[in-house]
**Student:** 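Here you go, one structure.
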Amino acid sequence: MAKFLEYVPGDSLLHRMNPCAKLIGAVLFAVACFVTSNLVFLVAMLGVALGLALYCGMGRETAGLCKAVFAFSLILAVVILLTTPHGAQLVPLPWGYIGTGSLLAAATVVVRLMAAAIPLFLVFYVTKMNDLTNAVVKQLHVPYKYAFTFTSTVHFIPVFMNDMAGIMEAQTARGVEFDGSFVKKVRLMVPLCVPLLVGSVRKTNSAAIAAEVRGFNLRTRESGYKDYPMRAGDWAALALCALLVAAGIAVALLG
């Protein structure tokens, strides 16, 4: 199983696509999930996203992502249930009620976030960070410093997670017990943010010095040696994603 947001080599169609096409397609897919609140359409989009993940061999990684997104979206769903009285009353509350419309809205939020997140995260699992940075700079004309900042941020997420895991293992070896309630875990983990922050600053400083030594400020669009041509399959994928956006808008208007 790959680490979080770590590139996984493969030979699937998604692996071979142009990096810009993958990124734009994932954004269009997410837009299609947010232009409508039709639950049936969103469930179909979630099915398509899960199918893409399984096709690329990212079933385990996607399952872990779905758990994390589900936990986050569940918080939003509970807030919607408690603050949005709509539809036939099911459960009375002192300040309102939970209705059938509230349940539908909560389920819509959960499915929408999961469907929109999967393709965006798949882009990082099937694309090398260097290829994504260079393609965005060359084809989308994004300034290199902005593209580098974005991809470096994504790159450092698993690094910081590994550092935090190492710090927790060191504390466990010293007798700290992280088992117990969620509140207890949070209380024990808050002091560990200090060594994590110190290590993060050191890594960031080292990365900045290394970038300056390699001529970071001299980098231009023409500095990259590799080209990323758009093929027929890339244009077809973008057209399909655009059709999904149009379908979502049509469903929203008809609904």
**Student:** Run Arg112 and Ser73 through side chain to side chain donor-acceptor pair (under 3.5 Å) and show every step you take.
**Tutor:** CA-CA 9 Å; Arg112 172 186 286 143; Ser73 60; over 6 Å; no
**Student:** Does the side-chain contact (heavy atoms from CB on, under 4.5 Å) test come out yes or no for Phe34 and Leu113, once each step is laid out?
**Tutor:** CA-CA 9 Å; Phe34 280 92; Leu113 290 179; 4.0 Å; yes
**Student:** Would you please test Tyr55 and Ser12 for side-chain contact (heavy atoms from CB on, under 4.5 Å) and show each step?
**Tutor:** CA-CA 8 Å; Tyr55 167 71; Ser12 67; 3.8 Å; yes
**Student:** Test of understanding: clusters of I, L, V, M, F, W, Y form through side-chain heavy atoms closer than 4.5 Å, transitively. Do Leu140 and Leu238 belong to the same one?
**Tutor:**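 Yes, one cluster joins them.
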**Student:** How long is the gap from CZ on Arg60 to OG1 on Thr62, to the nearest 0.5 Å?
**Tutor:** 12.5 Å
**Student:** For Met114, which of Leu46, Val109, Leu50 qualifies under side-chain contact (heavy atoms from CB on, under 4.5 Å)?
**Tutor:**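 The residue from Leu46, Val109, Leu50 that satisfies side-chain contact (heavy atoms from CB on, under 4.5 Å) with Met114 turns out to be Leu46.
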**Student:** Under a 4.5 Å cut-off applied to non-hydrogen side-chain atoms, are Leu244 and Leu28 in contact?
**Tutor:** no
**Student:** Test your reading of the model: is there a side-chain donor-acceptor pair from Lys22 to the backbone of Val126, 3.5 Å cut-off?
**Tutor:**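 It does hold such a pair.
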**Student:** Using side-chain contact (heavy atoms from CB on, under 4.5 Å) as the criterion, point out the one residue from Asp234, Asn134, Thr127 that pairs with Pro19.
**Tutor:**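 With Pro19 as partner, Asp234, Asn134, Thr127 yield a single side-chain contact (heavy atoms from CB on, under 4.5 Å), made by Thr127.
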**Student:** Between Leu42, Asn38, Thr36, which is the residue that forms a side-chain contact (heavy atoms from CB on, under 4.5 Å) with Thr108?
**Tutor:**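 Only one option passes, and that is Leu42.
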**Student:** Report the residue from Ile80, Ile75, Leu76, Leu82 that forms a side-chain contact (heavy atoms from CB on, under 4.5 Å) with Val78.
**Tutor:**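 It is Leu82, the one option of Ile80, Ile75, Leu76, Leu82 that forms the side-chain contact (heavy atoms from CB on, under 4.5 Å) with Val78.
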**Student:** Out of curiosity, Ile118 CD1 to Cys66 SG, how far, rounded to the nearest 0.5 Å?
**Tutor:** 4.0 Å
**Student:** Quick one: CG on Leu65 to CZ on Phe121, what's the gap to the nearest 0.5 Å?
**Tutor:**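 Here the interatomic distance stands at 5.5 Å.
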**Student:** In this structure, would Val110 and Phe72 fall into the same cluster of hydrophobic residues linked by side-chain contacts under 4.5 Å?
**Tutor:**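 Cluster IDs for Val110 and Phe72 match.
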**Student:** Roughly how far, to the nearest 0.5 Å, is CE of Met230 from CH2 of Trp235?
**Tutor:** 4.0 Å
**Student:** Quick check: is Ile249 connected to Val31 through a chain of hydrophobic side chains (ILVMFWY, heavy atoms under 4.5 Å apart)?
**Tutor:**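 Yes, it is one cluster - the side chains of Val31 and Ile249 are joined through contacts under 4.5 Å.
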**Student:** Working to the nearest 0.5 angstrom, can you tell me the gap between Leu23 CG and Asn18 CG?
**Tutor:**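 It is 10.0 Å, given to the nearest 0.5 Å.
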**Student:** Counting only heavy atoms not in Phe70, do more than 12 sit closer than 6.0 Å to its CZ atom?
**Tutor:** no
**Student:** Evaluate the criterion side-chain contact (heavy atoms from CB on, under 4.5 Å) for residue pair Leu132 and Phe124; output intermediate values, then yes/no.
**Tutor:** CA-CA 9 Å; Leu132 184 60; Phe124 300 108; 3.9 Å; yes
**Student:** Show the numbers, then the answer: is there a side-chain contact (heavy atoms from CB on, under 4.5 Å) between Leu103 and Leu81?
**Tutor:** CA-CA 6 Å; Leu103 289 175; Leu81 284 175; 3.6 Å; yes
**Student:** Which residues satisfy the salt bridge (Lys or Arg N to Asp or Glu O under 4.0 Å) test with Arg231, sequence neighbours excluded?
**Tutor:**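 None.
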**Student:** Which distance, rounded to the nearest 0.5 Å, do you find between the NZ of Lys128 and the OG1 of Thr133?
**Tutor:** 13.0 Å
**Student:** Using atom types as modelled and distance alone, determine if a side-chain donor or acceptor of Gln139 lies under 3.5 Å from a backbone N or O of Cys20.
**Tutor:** no
